[in-house]
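First the structure, in the form of structure tokens, and then the observations on it.
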Amino acid sequence: MKPLFLSTTTTTRPFSSSSLTVPFSRVVDTSSASSWSSAIADLSRSGHHSEALLAFLSLRRLSSQPSPTPSSLLPALSSAASLPSLPFGRQLHLLSLRLGYSPADPFISSSLINLYSKTQHPADAHAAFLESPVRNAVLYTALVSGLVRNANPLKALAVFKQLISNLGTSEIDPAAIVSAISACARVSGANVVGGVHGLLVKLGMEAETVVGNTLVDAYAKSGEVGNGRKVFDEMPERDEVSWNSMVAVYAQGGKPVEAVEVYMEMVGRESRRSTAVALSAVMHACAKGGAVQVGRCVHNQVIRMALEDNVYVGTSVVDMYCKCGRVDAAWKAFGRMKERNIKTWSAMVAGYGMHGRGREALDVFKQMIEAGVRPNYITFISVLDACSHSGLLEDGRRWFKAMKQDYDIDPGVEHYGCMVDLLGRAGCLDESYGLIKEMRLEPDSMIWGSLLAACRVHKNIELGEISARQALKLDPKNCGFYVSLSNIYADFGRWKDVERMRVLIKTRGIMKPPGYSLVELKGKSHMFMVGDRRHPQHEEIYGYLDKLRVRMQELGYVPDTGSVLHDVEQEEKETILRVHSEKLAVAFAIMSTVPGSPILVIKNLRVCGDCHTAIKMIAKLEGREIVVRDSHRFHHFKDGVCSCGDYW
DNA sequence: GTAGGGTTAG
């Protein structure tokens, strides 16, 4: 009966970036079952899941104990679920079946539901639920959250309703309500979150911090940021997660100013600790809103707190600079990082890619492979996207083939989308069409849209009609498809068809989502919509644009009214073009900054053809580098040309 | 057996 000294020193946890010292060492009496199981439970509870599993295995091997009991099996199973590790979990499942603990023991059953949900085996999770002779609230809750995790929120809500009808509302506790709220957050429809909110108020759970946290996120996910903020403001107590969620909500909504405000309130008035999570979230907000000045301040804070080496924070810094048009600053930050994971590398590849610097993107990608990091599904999207933005036809073909052959990754719609775009751009329309036809997956509307756009550039009316028909079948409300087809007809002088498209757009009530452009000035974001006159300096902006237009016309500028949808006269179309949001933003930025300094404009939609031509000229006339981020990529306008090579 | 199920971020 030799006691075993079980000590775990420095070890690296799988799926975690930092190596850490496990604060665990104790004497385990291997002859005592309770000492054995409490050691495993301690490890599992403190989050040292691989160590818990190792302890379970090694102690089983060393021990004279006949067979494990639920008190050691259970924490091991819960660690297997947390990692998550399907092989370990299955082994433990089989063991508990053999020993008769499963399916009889509801504690084991709930852990099994959790395990199979986390390893994306929802059918097995459901089976574990059905096999259990006991159906208590914990089992229901495990199933509800598991279904949410596996992208089935509707079924999750149905299971939650079963809970209520079978067990009554008295069985509902905060954990149950939290999983129900997170299901609601992912179901579209009016007031879904509000329904469960009402229920939990009736049950007197609104003061629970976790419940409030989940509600904040749920309202935000359903587009009701205001309601989320209200819940946040009324919470009696807020923890770290509450604050981080509120920052994240604004980040996801692309509101860097509000995100920073909440962050400042957290570290200022509330004098809470700033954390890596909070800083990544704020950085994410800056990336989304193109707020490079604020982003730089946040970056300074990251440096001050010595958090640059944190791989998550470092990656969000890289991503922020890329998305704010400063890909060289991103590269510098990338170079300083001591540790890089797959997301870090992919962010850098994507960063170069969206700036049209495909060669550099591929170089980084090759360095990544040399560094021994295995590319995944996402990485290949970045790689192929980079090829398509730079027209690297041969590289694109090569890596598209290699992803399946060398890395055994089946191409998804995103990869096909990049290839269709790349081939189409290069004028290989038949090959592009052929690729769509040989896809095993259902092509989405974006893929057909890419081919449609290529058909316009390379003037192929037959294939254009085919593509448009398919695209519109999948997404009949997307006005871009109507416009592209109409443009093709216009290029061929088929004015009757152009008119037919115009009528179609009108009768089907197709609306273009409102376009807006953002410019950051002294840390403040200025937003412009088409024909916006809300800006205090709008008189000056319009006056300046008028003067610019005269100079542009001297250079041969002719308005391209093709992308104006409205049912109006030619003259009026030109007026609309004149006040497109990106033109207003560019004019405002030039007026407000020192001559010669670069300009960044963030646009929510794709930049229109006329604006693209106009901004090229403005860049030349004003001797400025104008960088525009549209919904698709970056455009660097300089000396009258654009980095996209006029294909976007 | 404070045994199992619950929220945020990258």
Side-chain angles (χ1 to χ4, degrees), chain A residues 16-17 33-34 37-38 40-42 44-45 69-78 81-82 101-102 105-115 117-118 125 128-129 132 134 136-149 156 159-160 163 171-183 185 205 208-218 220-221 228 231-232 235 238-252 259 263 275-285 287 307 310-320 341-344 346-347:
Chain A
S16 154
S17 56
S34 65
S37 34
S38 66
I40 298 165
D42 279 354
S44 177
R45 240 195 322 263
T69 59
S71 50
S72 65
L73 253 170
L74 200 55
L77 198 52
S78 116
S82 298
Y101 303 137
S102 180
D105 186 337
F107 291 88
I108 299 272
S109 295
S110 53
S111 291
L112 285 172
I113 296 173
N114 197 18
L115 164 80
S117 301
K118 285 189 178 158
F129 177 81
S132 170
V134 182
N136 59 28
V138 176
L139 267 96
Y140 275 104
T141 306
L143 191 59
V144 171
S145 66
L147 286 163
V148 173
R149 214 186 288 275
V159 171
F160 180 70
L163 187 169
E171 290 297 304
I172 299 176
D173 63 0
I177 218 72
V178 159
S179 60
I181 300 167
S182 83
M205 279 191 269
E208 294 275 344
T209 305
V210 249
V211 172
N213 292 348
T214 319
L215 271 176
V216 168
D217 176 63
K221 280 201 170 72
V231 171
F232 178 81
M235 281 169 73
R238 303 180 192 96
D239 62 8
E240 198 178 304
V241 174
S242 325
W243 286 97
N244 290 346
S245 302
M246 203 59 238
V247 175
V249 162
Y250 284 128
Q252 278 152 15
Y263 172 82
T275 60
V277 176
L279 283 169
S280 312
V282 180
M283 200 76 77
H284 186 222
L307 277 171
N310 176 308
V311 69
Y312 298 125
V313 177
T315 301
S316 55
V317 170
V318 168
D319 188 54
M320 183 274 292
N341 63 22
I342 178 91
K343 289 185 182 170
T344 320
S346 299

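A, B, ... follow the sequence lines: proteins, then strands. Residue 1 opens every chain. FYI, side chains are in, hydrogens and waters are out, and symmetry mates aren't considered; it's all heavy atoms of this structure.
- When heavy atoms are screened at a 4.0 angstrom cut-off, Ala281(A) is found touching no nucleic acid atom at all.
- At the heavy-atom level, Asn114(A) lies under 4.0 Å from the strands shown only through sugar-phosphate atoms.
- Going from atom CG of Asn114(A) over to atom OG1 of Thr141(A) covers 11.0 Å, rounded to the nearest 0.5 Å.
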Can I get a per-line list of side-chain donor-acceptor pairs under 3.5 Å for residues 171-179 of chain A, giving both atom names and the distance, sequence neighbours left out?
unit_1    : atom_1 : unit_2    : atom_2 : d
Asp173(A) : OD1    : Ala175(A) : N      : 3.4
Asp173(A) : OD1    : Ala176(A) : N      : 3.0
Ser179(A) : OG     : Ala176(A) : O      : 2.9

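- Residue-level contact check: Arg238(A) touches neither bases nor backbone, having no heavy atom under 4.0 Å from any strand.
- Within the 4.0 angstrom heavy-atom criterion, no nucleotide atom of any strand lies near Glu171(A).
- Among the heavy atoms of the strands lying under 4.0 Å from Ser111(A) are primed sugar atoms or P, OP1, OP2 only; no base atom is included.
- Applying the salt bridge (charged side-chain N to carboxylate O under 4.0 Å, His left out) criterion to Lys118(A), with sequence neighbours excluded, gives no partner residue.
- If you look at Trp243(A) and Phe232(A), their ring centroids are closer than 6.0 Å.
- No side-chain donor from either of Ser316(A) and Asp319(A) sits under 3.5 Å from a side-chain acceptor of the other.
- Nucleic acid contact for Ala176(A): base, since at least one base atom lies under 4.0 Å from a heavy atom of the residue.
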When you look at Asn341(A) and Tyr312(A), which way does the side-chain contact (heavy atoms from CB on, under 4.5 Å) test go after all the steps? CA-CA 9 Å; Asn341(A) 63 22; Tyr312(A) 298 125; 4.3 Å; yes
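- When heavy atoms are screened at a 4.0 angstrom cut-off, Ser145(A) is found touching the sugar-phosphate backbone but no base atom.
- Across all strands, Thr214(A) comes closer than 4.0 Å only to sugar-phosphate atoms, never to a base (heavy-atom distances).
- Pro106(A) comes within 4.0 angstrom of a nucleotide base, judged by non-hydrogen atoms across all strands.
- Between the side chain of Asn244(A) and the backbone N or O of Val247(A), no donor-acceptor pair lies under 3.5 Å.
- Base engagement by Ser110(A) is indicated by at least one non-hydrogen atom pair under 4.0 Å involving a base atom.
- Nucleotides of DNA chain B lying under 4.0 Å from heavy atoms of chain A occupy a range whose first and last members, 5' to 3', are dG1(B) to dG10(B).
- Residue Asp173(A) is in base contact, counting any heavy-atom pair closer than 4.0 Å across all strands shown.
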